Amino acid sequence: MDVTSIAAASIYLHQSQVQESAGIAIAKQVLNVQEVAAEALIETIQESVPSFGHKLDISV
């Protein structure tokens with residue numbers, strides 16, 4: 001292997017690591033947004049339950 005191909009392999013590896021890290025960060029953000037949306041939906045459902053003794057039991 002010459003220096004150019006070693007450098008190219010190093011750059012490719014680094015770019016792959018950056019892309020993977022970015023993908024993981026985006027996935028975490030999406031999960032956080034989904035968690036907040038689910039909590040809001042559960043809260044809305046619980047508030048819409050009639051107040052005459054009925055409860056909606058929800059476990060997450």
Side-chain angles (χ1 to χ4, degrees):
M1 282 181 120
D2 63 351
V3 175
T4 306
S5 61
I6 293 172
S10 174
I11 290 170
Y12 177 76
L13 177 63
H14 182 69
Q15 286 176 339
S16 296
Q17 290 171 340
V18 169
Q19 287 175 342
E20 182 179 345
S21 295
I24 290 170
I26 290 170
K28 285 181 181 180
Q29 288 178 346
V30 168
L31 285 173
N32 289 339
V33 168
Q34 290 298 320
E35 182 180 3
V36 169
E39 288 172 356
L41 179 61
I42 290 169
E43 200 171 294
T44 302
I45 291 171
Q46 287 175 334
E47 290 172 358
S48 69
V49 173
S51 61
F52 51 85
H54 295 287
K55 295 246 178 201
L56 182 61
D57 185 18
I58 298 175
S59 312
V60 179

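If you're wondering where the values come from, they're calculated on a predicted model, not measured in any experiment. Every heavy atom of this structure was used, including side-chain atoms; hydrogens, water molecules and symmetry mates were not.
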Item checked: Spatial distance of atom CG (Leu41) from atom CD (Gln34) [nearest 0.5 Å] ->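 Going from the CG atom of Leu41 to the CD atom of Gln34 covers 11.0 Å.
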Check: Quick one: hydrophobic cluster around Val30, which other residues, with the 4.5 Å side-chain cut-off, linked directly or via members?
Finding: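 Val30 clusters with Ile26.
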Side chains of residues 11-20: which donor-acceptor partners sit under 3.5 Å, not counting sequence neighbours?
unit_1 : atom_1 : unit_2 : atom_2 : d
Ser16  : OG     : Tyr12  : O      : 3.0

Next item on the list: Under the side-chain contact (heavy atoms from CB on, under 4.5 Å) rule, collect the residues that match up with Glu43, sequence neighbours excluded.
Entry: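 For Glu43, the residues satisfying side-chain contact (heavy atoms from CB on, under 4.5 Å) (neighbours in sequence not counted) are Glu47.
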